[in-house]
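Order of appearance sets the numbers: ligands from 1, and atoms from 1 within every ligand.
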Amino acid sequence: MVKISTSILSIKDNLIENIEKLNKTNTDYIHYDIMDGKFVPNTSFSFDEITNINNHVTKPLDIHLMVSDPKSYIDFFKNFNPEFITIHYEIDNLLENIKLIKENNIKVGVSIKPNTNIEVLYEILDKIDLVLIMSVEPGRGGQKFIYNSLDKIKTLRKYINDNKLNTVIEVDGGINDITSKECINSGVDILVSGSFITNNVNYQKQIDFLR
Ligand code: DX5
Ligand code: ZN
């Protein structure tokens, strides 16, 4: 069964109250989108804000670092005891940062932007636990799903199966009740969804639609 990771990026008001609402759903993970204003034009949560938020979260964490230089972020977020920390393929010092996450006994994810080919990851798949395929340009919630992401999911699924790897495939951006079905049929393991879930009052109903 596909897993759901709910992004809290698009929750506008009453953040803490809504996080407590999310804790009561069966979302598998809560997804933190962290931006530095450099790797992507926007910024999202500050360390103080995310510390406050995290005091209320009871679900396993799936942390997505959209930052050029993840080292200080990894040092900060390791204390949250997350399930995954995902960094971007497109940064400098990728291997060094993969190593740093692993040394802290946290599962490592590597994400590719829509214009990065999936094949570039083949040589590092044995070093990582998860691939995050961005199906929108990283930087903000509520964008439209980019369809070439389905080909990337299918190609990677075949490669993982053929090579008997355990790498998890996650997709992020523009996931709704229609695109979720196509991603599931293409072989995805985890769907990240923000606005489709949190722009509705009934989070659990939206999660049920995705599954
Ligand atoms: C985009 C983020 C996503 C985003 C998902 O940069 O990585 O996690 O918040 O939001 P939706 O589901 O609204 O596209
Ligand atoms: Zn994300």
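Val110 and Ile101 fall within the same hydrophobic cluster, defined by Ile, Leu, Val, Met, Phe, Trp and Tyr side-chain heavy atoms under 4.5 Å apart, directly or through other members. Under the 4.5 Å side-chain contact rule for hydrophobic residues, Leu65 and Ile106 share a cluster.
Counting just the N/O/S atoms of Asp172, the one with the shortest distance to the Zn ion (ligand 2) is named OD2. Closest approach between the Zn ion (ligand 2) and any N/O/S atom of Asp33 involves OD1.
Figure legend: Lys21 and Tyr203 shown as a cation-pi pair, the cationic atom lying under 6.0 angstrom from the six-membered ring centre and within 45 degrees of its axis.
Listed by atom number, the atoms of ligand 1 under 4.0 Å from Gly141 heavy atoms are 9 (O), 10 (O), 13 (O). Short contacts between ligand 1 and Gly139, defined as distances under 4.0 Å to a heavy atom of the residue, involve ligand atoms 1 (C), 6 (O). In the vicinity of Met134, heavy-atom distances shorter than 4.0 Å reach the ligand 1 atoms 7 (O). Each of the following atoms of ligand 1 lies closer than 4.0 Å to a heavy atom of Met66: 6 (O), 7 (O). Atoms of ligand 1 lying under 4.0 Å from any heavy atom of His31, numbered from 1 in the order shown and given with element: 8 (O). Taking every non-hydrogen atom of Gly142 and a distance limit under 4.0 Å, the qualifying atoms of ligand 1 come out as 11 (P), 13 (O), 14 (O). Of all the atoms in ligand 1, the ones that sit under 4.0 Å from a non-hydrogen atom of Gly173 are 14 (O). Every atom of ligand 1 with a heavy atom of Ser193 under 4.0 Å away is listed here by number and element: 12 (O).
The closest protein non-hydrogen atom to atom 12 (O) of ligand 1 is Gly194 N, 2.8 Å. Counting only heavy atoms of the protein, atom 5 (C) of ligand 1 lies nearest to Asp172 OD1, 3.5 Å. The protein atom (non-hydrogen) at minimum distance from atom 1 (C) of ligand 1 is Arg140 O, 3.6 Å. Here the heavy atom of the protein found nearest to atom 2 (C) of ligand 1 is Asp33 OD1, 3.3 Å.
For His31 atom NE2 and His64 atom ND1, the angle they make at the Zn ion (ligand 2) is roughly 100°, to 10 degrees.
Side-chain contact between Ile85 and Asn104 is absent, with no heavy-atom pair separated by less than 4.5 Å.
Taking the charged nitrogens against the carboxylate oxygens, Asp75 and Lys71 do have a contact shorter than 4.0 Å, which makes a salt bridge. A salt bridge does not link Lys3 with Asp62: every distance from a Lys NZ or Arg NE/NH1/NH2 to an Asp or Glu carboxylate oxygen is 4.0 Å or more.
On a distance-only criterion, Gln143 and ligand 1 share no N/O pair closer than 3.5 Å. Checking only distances, Ser10 never comes within under 3.5 Å of ligand 1, N or O to N or O. Taking distance alone, with nitrogen or oxygen atoms compared against 3.5 Å, Leu9 stays at or beyond that limit from ligand 1. Considering backbone and side-chain atoms alike, Val192 places every N or O at 3.5 Å or more from each N or O of ligand 1. Between Phe196 and ligand 1, no pair of N/O atoms sits closer than 3.5 Å. Among the atoms of Gly174, some N or O lies under 3.5 angstrom from an N or O of ligand 1.
For the residue pair Asn23 and Thr58, a side-chain donor N or O sits within less than 3.5 Å of a side-chain acceptor on the partner. A donor-acceptor contact closer than 3.5 angstrom links the side chains of Tyr147 and Glu182.
At distances below 3.5 Å, at least one donor-acceptor pair connects side-chain atoms of Ser135 with backbone N or O atoms of Gly173. The closest donor-acceptor contact from the side chain of Thr116 to the backbone of Ile112 lies at 3.5 Å or more, if one exists at all.
Rounded to the nearest 0.5 angstrom, Asn200 CG and Phe209 CZ are separated by 8.0 Å. The structure places CD1 of Ile133 at 8.5 Å from SG of Cys183, a figure rounded to the nearest 0.5 Å.
Within the 4.0 Å heavy-atom criterion, the part of His64 lying near ligand 1 is the side chain and not the backbone. Contacts of Ser195 with ligand 1, taken as heavy-atom pairs under 4.0 Å, involve both backbone and side chain.
Classification of the Tyr32-Phe77 ring pair by plane angle, with boundaries at 30° and 60°, yields tilted. By the 30° and 60° cut-offs, the orientation of the rings of His88 relative to Phe39 is tilted.
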